[in-house]
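Structure first, then comments.
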Amino acid sequence: MSAFDILFRPGHEIAADVRARRISAREVTEAALDTIEALDGKLNAFTDVTAERAIEEANRVDAAMIEGKALPLAGVPYAVKNLFDIEGVVTRAGSKINRDNAPAIADASLVTQMQKAGAVLIGGVNMGEYAYDFTGENAHDGASLNPHDPARMSGGSSGGSGTAVASGMVALSLGSDTNGSIRVPSSFCGLYGLKPTFGRLSRARTFPFVASLDHLGPIARSPRDLAVAFNALQFPDPDDRHQLAQRPLDVERALGTGISGLRIAVAGGYFRDQAGSEALAAVEHVAKALGTSREVNLPEVHRARAAAYVITTSESSALHLERLQTRAGDYDPDTRDRFLSGAMVPAAWYMAAQRFRTWFRAEMEHLFETVDVILAPATPFPALLSGTKEVELAGSRVPARPNIGIFAQPISFIGLPVVAVPVWPAGTHLPIGVQVIAPAWREDIALRVAEALHQAGATAAPVASL
Amino acid sequence: MKEFDAAAHVAHMEQVMGLTIDEAWRAGVVANMAATARAAALVTEFALDDHVEPAPVFKP
């Protein structure tokens, strides 16, 4: 089989072949390393290829297959955003400054979970500096580019994750999402992305951005891959005191149970008013495929976005204060000004935002008494050309960077689980994502909807032809 | 309330917080401060009952 035949299909199909010993994990890993060698010079997804470790992990998986072990992600090649600790690798978190740190002494908890499930880590991937980013651009490592149009952004901040999965270098990547950093690259790169419920997955041994809002999750080319990975990633971790105790879900089992009986509605108002034509068309396409024409309004959602903005800038800058005092010149110019101003936010503004979060959660709980799924665009527009500084939004020129995430931000603000699903509107070569938003702790519902759309061919995440 | 003066706030707070803002960065920092103030106003102008507590919960 060629590297193309081996890699350019969903991870669960690769795992099935490895389990049936039609192919070895070693062959899959070598195909991934070859593909990176061939493509990454153009796309800039990887910052740390861990080839030696990958071969060792693959050999261990192959030995486990001979022993007859049933590993759900057997031999599936994956990458992690470079804010995840990888033993022996310096966790740069997209920065220049953290490159001075010692190499990580242990893997992030979620990397360990992936290893237990049989997945093979291929390396760390590019990201916006310290995750304060929606573009995938990075002054230190260069931009991770969009495989569907390399003149465009991958989306951020899990940009390298989007690039690596959409180009077929790996089947899956773990990213982080504070305000949209899994959903934005999923939208720009035409992928499925799962931002789980806040507090669901361990964040142990990952570099923080905003403790109040940080989530981790997978990006892949099929909802089933998200489900298999999510099953593997759920576990109670004593190393993460922020994690919230919840019974794990078996989302893989739930996946095929269909969507009959689910009450589905489209988010209007704020979303409809600011969405570009492709975003509106994408939501309409998904709503039609799901047979709904109902619309709901999220109460005071513009304030929810504003409150997330205030929490993000002040909490992240407080974390960075000493570095901002001593090494401001070493920050990416595109994040530096935001971090510096964030260090000057009055506490009363921050606390008002945290109180508003309580109010908004209650209002959304109320709304979810009448609806099971809410659809909204993941981004207001498809991938922007690299270097874009301003965009037009609802008739006004506004800065591009912060506004890419306006639709993702209010949802992660209260930690709701979301699957971003990729739509290919007519008349453009660019994909755009739609958020499938479920009530807290119901990742299974969002994944069921994504699977129904995928099976119906309404959404798809093809590997880019390069 | 007086209109928020982002430039004055930045000039004061850089001293308070021990930050050194290169003049080449100042306009960007001030613009970001003004954007944060606009966002904060959307939150603070929305009256909440005194019993609405901040979202984070600490589990001892």
Side-chain angles (χ1 to χ4, degrees), chain A residues 198-199 211-213 241-245 300 302-315 317-318 321-322 324-326 328-329 331 333-346 348-362 398-399 402 413-415, chain B:
Chain A
F198 180 74
S212 290
L213 301 172
R241 292 298 298 263
H242 241 84
Q243 196 185 24
L244 298 166
E300 306 293 340
H302 65 300
R303 299 187 204 278
R305 188 259 170 169
Y309 188 100
V310 171
I311 291 171
T312 298
T313 194
S314 54
E315 210 173 295
S317 298
L321 185 59
E322 192 187 343
L324 292 167
Q325 288 164 333
T326 56
Y331 278 74
D334 278 320
T335 67
R336 180 176 52 223
D337 297 352
R338 305 175 82 184
F339 276 125
L340 283 168
S341 69
M344 305 172 175
V345 177
W349 296 2
Y350 173 80
M351 291 314 290
Q354 287 287 14
R355 292 179 64 225
F356 183 80
R357 195 170 168 214
T358 297
W359 181 88
F360 188 60
R361 174 181 55 193
V398 293
F413 176 56
I414 50 163
Chain B
M1 210 162 69
K2 240 174 76 178
E3 203 182 322
F4 180 71
D5 183 340
H9 183 78
V10 168
H12 175 65
M13 288 301 285
E14 68 174 305
Q15 303 300 323
V16 174
M17 301 308 292
L19 299 164
T20 308
I21 296 174
D22 189 294
E23 286 313 307
W25 313 337
R26 186 167 298 276
V29 176
V30 170
N32 275 287
M33 197 63 236
T36 302
R38 285 194 298 273
L42 284 175
V43 181
T44 54
E45 75 187 15
F46 189 74
L48 293 173
D49 186 274
D50 282 345
H51 298 283
V52 177
E53 293 197 346
V57 174
F58 176 79
K59 283 186 293 178

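Only a predicted model underlies this, so the values are computations on that prediction, with no experimental measurement involved. Every chain is numbered from 1, with letters handed out A, B, ... down the list of sequences.
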TODO: Decide side chain to side chain contact (heavy atoms under 4.5 Å, CB included) for B/Thr36 and A/Met344; before the verdict, give the C-alpha distance in whole Å, the side-chain angles of both, and the deciding distance to 0.1 Å.
DONE: CA-CA 10 Å; B/Thr36 302; A/Met344 305 172 175; over 6 Å; no

Task: Under 4.5 Å from a heavy atom of chain A, the part of B/Ala24 involved - done: neither

TODO: Return the set of residues passing salt bridge (charged side-chain N to carboxylate O under 4.0 Å, His left out) with B/Glu45 (not counting sequence neighbours), or none when no residue passes.
DONE: A/Arg303

- [ ] Would you name the heavy atoms of B/Gly28 and A/Asp337 that are closest together and state the gap between them?
- [x] CA-OD2, 3.3 Å

TODO: Nearest 0.5 Å please: distance from the CZ atom of A/Arg338 over to the CE atom of B/Met33.
DONE: 13.5 Å

Open item on the list: Under 4.5 Å from any heavy atom of chain A, what part of B/Ala35 do you find: side chain, backbone, both or neither?
Closed with: both

Open item on the list: Using a 3.5 Å distance criterion without hydrogens, assess whether the side chain of A/Thr358 forms a donor-acceptor pair with backbone atoms of B/Glu53.
Closed with: yes

Open item on the list: Looking at every heavy atom in both B/Asn32 and A/Tyr309, which two are closest together, and how far apart are they?
Closed with: OD1-OH, 4.2 Å

Open item on the list: Parallel, tilted or perpendicular, judged at 30° and 60°: which one describes the rings of B/His9 and A/Trp349?
Closed with: parallel

Task: Separation between CZ of B/Phe58 and CZ of A/Arg241, rounded to the nearest 0.5 Å - done: 7.0 Å

Task: CG on A/Leu340 to CD on B/Glu14, rounded to 0.5 Å - done: 9.0 Å

- [ ] Go through the atoms of A/Arg305 and report whether side chain, backbone, both or neither lie under 4.5 Å from a heavy atom of chain B.
- [x] neither

Open item on the list: With a 4.5 angstrom heavy-atom cut-off, is it the side chain or the backbone of A/His242 that approaches chain B, or both, or neither?
Closed with: neither

- [ ] Identify the two heavy atoms, one from A/Ala343 and one from B/Leu19, that lie closest to each other, and give their separation to 0.1 Å.
- [x] CB-CD1, 3.9 Å

Open item on the list: For a quick test of reading the model, state the closest non-hydrogen atom pair linking B/Pro56 to A/Gln354 and the distance between them.
Closed with: CD-OE1, 3.4 Å

TODO: Provide the closest heavy-atom pair for A/Gln325 versus B/Gly18 in the form atom of the first, atom of the second, distance.
DONE: CG-O, 3.3 Å

- [ ] Under 4.5 Å, counting heavy-atom pairs only, tell me which of B/Val29, B/Ile21, B/Thr20 racks up the most with chain A.
- [x] B/Val29

Task: Heavy-atom pair of closest approach, residues B/Leu42 and A/Ala306 - done: CD1-CB, 3.8 Å

